[in-house]
Each structure stands twice: as C-alpha cells, then as structure tokens.
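Everything below concerns the one structure shown next.
Just the heavy atoms: all of them, side chains too, but no hydrogens, waters or symmetry mates, feed the values below.
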Amino acid sequence: MYDTYIFDLDGTLLDTLGDLAASVNYALRTYGMPEHSIDDVRRFVGNGVRKLMERVVPNGAANPLFEEAFTTFRAYYVEHAQDTTRPYKGIPETLVSLRERGCHLAVVSNKMRKATEKLCRHFFPDTIEVAIGEDEAAGIHKKPAPDTVFAALDALDALGNPGLSLGSHRASVVYVGDSDVDIETAHNAGIPCISVLWGFRDKDFLLQHGAKTFISAPHELLESLG
C-alpha cells in the first residue's frame, strides 16, 4: 500500500523525553525557576521547543527572563540530546527492513533543525534519507502546518525519487506519529496517518483527536507495504 514513510521523531522513532526534561530543568534551574517532572514535560511536548518553554516557564513568554531561559535550553539540548535518548525497541530493525524493500524514509519534526539532523545522523545514518526540523526562518512552518511534510517529499524527490513531491504518487505516502499534532499534520498534508501506541500519548487521547489507524509495535509497519 505504501512505499514512502514520513516519520515524526520524538515519541515515534526516539524516546527523547529524558534529555528534553533534563534540558528544560537545566534552563529553569539556571534562572531560579521551578522545575518540572518528566510527566509534565511529556504533556507539554509536541508543538516545538519554543512552545514547550512557554509552557514550563512561569508566565510563559511574558516572563522577562523567558528569552534567556529559551536560549539556554536550546544550547544545552543541542549538546545533551544524546545523553539518554535511544530508539524505541524494534525501530532500527524495522527501518532497515523498510529500506531493504525499497521504501523511502524521512523524518519531520518540530524539534530544532540542527538537533533533528544530528539525532538522525547519529541513530539512523543508513536508513533515514531526509531529516527536516523546525526552520521558520526558511519559511518552513512547524507542524501541524504541512510544510515539513512537503519539504521532506521535495527533498526525497531531489535525491532521485521522482513524483514524491506532487502528483499521483502521493497516494503511496503515509505519515507515522504519536500525537494529535501528527494526526492534524497528516490531514493538512492530504496523506493518511498511522498512530503509534508506544509514544508520548495514549490510545484514548489519540482517538479523541481523530486517530483511525494504530500500531502497537514497529514491525507492524511492514504489514502496510504494497
């Protein structure tokens, strides 16, 4: 059915929660602000790192120290994004199997572009062909806007996979993610979404936000091949 897979990163391919929480709390601690639990951070992720910091900093962006805390978070996270982050069980093997079957694989994330590319190079150097992160300066708006999906398809197209960016080939593209933002992103891009049940949101939450197709383990993606 599908031969092109666009993946979310955090909560879908990688368990990044520990490093995100540590980076958040480092920034908060630096400026004397209350720290947050990992469960708090789990609820706050999904809309990009700026929105994450707006949710954890007291009074959000209105806090006079917000920009300093945000800058500190970004710098710390880039350096510590691999401290405890790991692929979910079965992800590396499933990606290898998809590539061996001729599928094209890309990542789109609301994570900072530099961190997205660094993590994909480190964990998936031989399987993920394209990694697109948050880059508003380049005119690529973060999810749930479809921009990152379109940018990924264009980049795959540029690698020699004609027809991925526009046209009838779109019917064989699927989005894989773990959140409501991912469901909305896929809808806005005009492609189906597979929701994973090992990530940052549970099935009831995903159902409430329109999820229709679920998988409980990475290897189940192989059953969606054409």
If hydrophobic clusters are built from ILVMFWY residues whose side chains come within less than 4.5 Å, do L20 and M33 share one?
yes
For the side chain of D178 and the backbone of S195, is there at least one donor-acceptor N/O pair under 3.5 Å apart?
no
Within this structure, what is the CG-OG distance for the pair D3 and S172, rounded to the nearest 0.5 Å?
3.5 Å
Correct closest heavy-atom pair for T94 and L222 would be O-CD2, 4.3 Å
Is a donor from one side chain sitting under 3.5 angstrom from an acceptor on the other, for Y31 and T72?
yes
Donor-acceptor contact present, side-chain E220 to main-chain A217, <3.5 Å:
yes
Would you compute the distance between atom OG1 of T85 and atom NE2 of H80 and round it to the nearest 0.5 angstrom?
12.0 Å
What heavy-atom pair brings R201 and S179 nearest, and what distance separates the two atoms?
CG-CA, 4.0 Å
Under 3.5 Å donor-acceptor pairs involving side-chain atoms of residues 55-64, not counting sequence neighbours:
{"unit_1": "R55", "atom_1": "NH1", "unit_2": "F44", "atom_2": "O", "d": "2.7"}
{"unit_1": "R55", "atom_1": "NH1", "unit_2": "N47", "atom_2": "OD1", "d": "3.1"}
{"unit_1": "R55", "atom_1": "NH2", "unit_2": "N47", "atom_2": "OD1", "d": "3.1"}
{"unit_1": "N63", "atom_1": "OD1", "unit_2": "L65", "atom_2": "N", "d": "2.8"}
{"unit_1": "N63", "atom_1": "ND2", "unit_2": "P58", "atom_2": "O", "d": "2.9"}

Would the distance check show the side chain of K118 and the main-chain N or O of V78 forming a donor-acceptor pair, the cut-off being under 3.5 Å?
yes
Kindly indicate, with the supporting measurements, whether the criterion side chain to side chain contact (heavy atoms under 4.5 Å, CB included) is fulfilled by L119 and L9.
CA-CA 9 Å; L119 287 168; L9 189 60; 4.2 Å; yes
Say whether W198 and L221 are linked into one hydrophobic cluster, either directly or through other cluster members, by side-chain heavy-atom distances under 4.5 angstrom.
yes
State, yes or no, whether a side-chain contact exists between Y5 and V173 at a heavy-atom distance under 4.5 Å.
no
Could you check whether any side-chain heavy atom of F214 comes within less than 4.5 Å of a side-chain heavy atom of I194, counting everything from C-beta outward?
no
Treat each ILVMFWY residue as a node, draw an edge where side-chain heavy atoms are under 4.5 Å apart, and state whether I215 and F200 are in one component.
yes
Looking at side-chain heavy atoms only, is the closest gap between T116 and I132 below 4.5 Å?
no
Side chain to side chain, F124 and V107, heavy atoms closer than 4.5 Å:
no
Would you mind reporting whether V108 and D8 have side-chain heavy atoms less than 4.5 Å apart?
no
Ignoring hydrogens and geometry, is there a side-chain-to-backbone donor-acceptor pair from R101 to S97 under 3.5 Å?
yes
Within a reach of under 6.0 Å around NE2 of H187, are more than 12 heavy atoms found that belong to other residues, nucleotides or ligands?
no
Which atoms form the tightest heavy-atom contact between S109 and T148, and what is the distance?
O-CG2, 4.5 Å
Among D182, T185, T12, T4, whose side-chain hydrogen bond (donor to acceptor under 3.5 Å, both in side chains) with Y175 holds?
D182
What distance separates R42 CZ from L17 CG, expressed to the nearest 0.5 Å?
5.0 Å
For E35, check salt bridge (Lys or Arg N to Asp or Glu O under 4.0 Å) against everything at least two apart and list the hits.
R29
Are more than 12 heavy atoms from other residues, nucleotides or ligands located less than 6.0 Å from atom OH of Y88?
yes
Nearest heavy-atom approach of F150 to N188 is CZ-O, 4.5 Å
L28 versus P34, closest heavy-atom pair with distance
CD1-O, 3.2 Å
Non-hydrogen side-chain atoms of Y2 and P192 separated by less than 4.5 Å
yes
Among residues at least two apart in sequence or on other chains, which ones pass ring pair (Phe, Tyr, Trp, His ring centres under 6.0 Å) with F123?
none
With hydrophobic residues grouped by side-chain heavy-atom distances under 4.5 Å, do V24 and V49 end up in a single group?
yes
Do V176 and V181 belong to the same hydrophobic cluster, where Ile, Leu, Val, Met, Phe, Trp and Tyr are linked whenever their side-chain heavy atoms lie under 4.5 Å apart, directly or via other members?
no
Check E134 with K143, please: is the shortest side-chain N to carboxylate O separation under 4.0 Å?
no
Just checking, any donor-acceptor pair under 3.5 angstrom between side chains of Y77 and D19?
no
What's the separation between atom CG in D204 and atom NE2 in H209, rounded to the nearest 0.5 Å?
12.0 Å
Answer yes or no: are there more than 12 heavy-atom neighbours, outside K114 itself, under 6.0 Å from its atom NZ?
no
Can you tell me if CZ on R99 sees more than 12 non-hydrogen neighbours from other groups inside 6.0 Å?
yes
Heavy atoms, side chains only, cut-off 4.5 Å: are L105 and L98 in contact?
yes
How many angstroms lie between atom CD of E100 and atom CD of E93, to the nearest 0.5 angstrom?
11.0 Å
State, yes or no, whether a side-chain contact exists between R50 and F66 at a heavy-atom distance under 4.5 Å.
yes
Can you tell me how far CG of L52 sits from CG of D10, rounded to the nearest 0.5 angstrom?
10.0 Å
Which heavy atom of A189 sits nearest to which heavy atom of V149, and what is that distance?
CB-CG1, 3.9 Å
